[in-house]
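Ligands are counted one by one from 1 in listed order, and the atoms in each one are counted from 1 as well.
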Amino acid sequence: MQLGEYKNYIAGVFTAGEATETFDVLNPATEEVLATVSNATPGDVVRAVTAATDSQPAFADLPAHERAAFLRDAASRMREESEHLARIMTLEEGKPLAEARGEVLYAASFLDWFAEEGKRVYGDLIPSNSTDKRILVLKRPVGVTAAITPWNFPAAMITRKLAPALAVGCAMIIKPSELTPLSALEIARIFDEVGLPKGVLSVLASSDPVPIVKPLMDDPRVRKISFTGSTEVGKILMRQAADTVKRLSLELGGHAPLIVFEDADLETAVAQTLACKMRGMGETCVSANRIYVHRSIYDAFAERFTSLMQTMKTGDGLEPGVSVGPLVESAALEKVERHVQDALDKGAQLLLGGTRVGARGHFYSPTVLKGVDHSMLITKEETFGPVAAILPFDTEDEVLKAANDSPFGLASYLFTRDIGRIFRMAERLEYGIIGINDGVPSTAQAPFGGVKASGLGREGSKYGIEEYLDIKYVSLGGMNA
Ligand code: SIN
């Protein structure tokens with residue numbers, strides 16, 4: 001399957017821009033070239049930022065409901081084209097088609113949510129200490145923004161950033177992952193077709209992020225950066241943002257603990273743990289990395305979980321019935337192998353899987369490890385693969401301490417029916433997201449984001465829109481004159 005040549009979207013035009021080269025996008029299921037894409041240059045960045053700077057003020061002046069119409073139209077178009085978009089996503093990223101369809105709808109849901117939320121950007125009138133003064137608070141778009149987006153959700157992580165930006169009147173330049181630029185360019189096409197004013201959106205794909213990201217970071221006209229990716233890169237961006245004092249939203253790495261207490265409903269806990277662990281083949285920042293199960297139900301949980309994992313079919317995501325696609329690239333596969341080998345070397349038991357699948361493509365079998373302990377790499381680094389690591393625990397205090405013993409603080413999960421425990425744990429777990437009897441809490445109307453090394457800011461929800469707004473204080477004197 002060849003999808004031909006894609007061009008970048010710069011200042012409202014699909015063009016090779018200054019690019020004299022293209023780069024290949026590979027299908028992780030076949031390792032064949034799927035498409036070629038123009039390799040954007042630093043000069044293209046300048047052009048995109050200039051167009052964004054020129055078009056943003058007029059866009060910000062539009063009434064919110066007019067900006068909302070672009071978002072709503074784009075969301076409808078995404079739903080109408082969901083089959084086409086999902087196929088492209090599966091081909092470039094690997095996730096099974098059913099999941100890709102789900103992601104297209106998830107991506108559209110951010111456009112719908114922020115189309116409405118943009119109409120509710122309220123200011124304030126604050127009581128003053130003086131009869132002669134009034135204190136007003138206005139909220140204004142931050143201006144030109146840039147998004148650096150990951151490969152694991154090639155559409156939804158774009159719309160989660162783009163939708164609030166457009167809803168409040170910001171312009172945005174998107175640098176998608178070099179592994180999955182096609183979904184990003186398809187989203188640009190949709191916004192172009194619904195008539196988004198030219199210059200407000202640019203999408204610049206490049207085989208090497210640095211020549212695109214560096215000029216974005218250095219340009220004082222870019223007022224905000226939103227990044228989803230590794231903590232390592234997030235720290236570099238924080239340092240680079242300092243020179244022009246840019247605002248930052250950072251959705252960084254995670255290492256999610258998932259805790260199953262002895263009073264949990266076992267069927268729910270097993271099914272939700274599977275959903276959490278295997279969403280996107282385990283290649284999500286909120287995937288359960290450490291599955292702590294109370295010792296009294298440890299064997300029963302492991303057995304039931306393994307028998308469900310066994311039913312998952314691995315293969316090309318376009319094939320019917322497949323629920324585990326290929327990992328995105330060979331480096332991902334090698335990391336998973338390293339984590340599993342390290343756990344086995346240190347005494348873990350392999351209940352299922354533990355092998356590559358097939359001679360081509362980056363397939364790894366659904367894997368379950370029991371008897372995992374904290375000396376193993378898998379309990380420290382994100383595995384980003386279909387490997388479930390199960391650890392026993394005895395007491396609430398012990399498991400809370402173990403769960404919080406991580407530099408990361410993105411998502412955590414808890415299975416119990418004890419309301420006191422639910423509140424104690426929710427208050428004490430040092431994580432931005434806590435799923436209780438819920439393995440997949442992500443949704444457009446809830447605030448997504450982490451604490452500690454998992455990042456800054458929130459996406460989605462009424463909180464997500466604030467990331468694209470500056471507060472202005474207006475002091476109005478002479479009121480007694
Ligand atoms: C991720 O960032 O990997 C997860 C995104 C989501 O659940 O929305």
Side-chain angles (χ1 to χ4, degrees), residues 78 89 93-96 99-114 147-164 174 176-177 179-180 183-184 187 226-234 237 248-258 272-289 325 327-329 332 335-336 381-387 408-413 431-436 438-461 463-464 467:
M78 283 187 87
M89 193 185 293
E93 199 266 353
K95 65 180 65 177
E99 273 200 63
R101 288 185 187 119
E103 186 184 333
V104 172
L105 299 183
Y106 184 41
S109 75
F110 288 105
L111 300 177
D112 282 330
W113 169 264
F114 284 109
I148 305 166
T149 59
W151 51 263
N152 63 343
F153 287 88
M157 295 307 102
I158 288 179
T159 56
R160 191 152 82 181
K161 299 175 193 311
L162 179 61
I174 295 170
S177 165
L179 300 175
T180 57
S183 298
I187 290 172
S226 179
F227 168 68
T228 296
S230 71
T231 297
E232 196 191 346
V233 173
L237 295 176
L248 277 177
S249 296
L250 300 173
E251 297 295 349
L252 307 179
H255 201 282
L258 183 151
Q272 290 293 310
T273 303
L274 191 87
C276 175
K277 178 71 252 179
M278 296 304 283
R279 179 170 173 236
M281 290 80 73
E283 293 177 308
T284 82
C285 304
V286 291
S287 183
N289 286 275
L327 299 184
V328 72
E329 57 178 347
K335 184 176 192 191
V336 170
E381 292 176 10
E382 271 187 305
T383 305
F384 249 59
V387 183
F408 299 107
L410 184 55
S412 58
Y413 305 89
Y431 289 84
I433 301 167
I434 301 168
I436 295 172
D438 181 5
V440 188
S442 303
T443 178
Q445 63 271 38
F448 186 101
V451 298
K452 294 159 68 178
S454 291
L456 302 172
R458 292 295 177 268
E459 292 193 318
S461 81
Y463 304 101
E467 305 277 329

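- Atoms of ligand 1 lying under 4.0 Å from at least one heavy atom of S442, given by number and element, are 6 (C), 7 (O), 8 (O).
- In M157, the part holding a heavy atom less than 4.0 Å from any atom of ligand 1 is the side chain.
- Judged by distance alone, the side chain of Q272 and the main-chain N or O of G439 form a donor-acceptor pair under 3.5 Å.
- For the pair S249 (side chain) and S226 (backbone), a donor-acceptor distance under 3.5 Å is absent.
- A donor-acceptor contact shorter than 3.5 Å is absent between the side chain of E99 and the backbone of R279.
- In this structure, of C285, G450, G254, the residue bringing a heavy atom nearest to atom 1 (C) of ligand 1 is C285.
- With T284 contributing its side chain and S287 its backbone, the two residues share a donor-acceptor pair below 3.5 Å.
- Contact atoms of ligand 1 toward T284: 3 (O) (distance under 4.0 Å to a heavy atom of the residue).
- Relative ring orientation between Y106 and F153 is described as perpendicular, the plane-to-plane angle rising above 60° on a 0-90° scale split at 30° and 60°.
- When non-hydrogen atoms are compared, ligand 1 lies under 4.0 Å from the side chain of R279 (C-beta onward) but not from its backbone.
- Considering only non-hydrogen atoms, atom 4 (C) of ligand 1 lies nearest to F153 out of Y106, F110, F153.
- Among residue pairs with one or both ends in residues 152-161, those qualifying as salt bridge (Lys or Arg N to Asp or Glu O under 4.0 Å) are R160-E459, K161-E459; sequence neighbours excluded.
- Shown in contact with R160 at under 4.0 Å from a heavy atom are these atoms of ligand 1, numbered in order with element: 5 (C), 6 (C), 8 (O).
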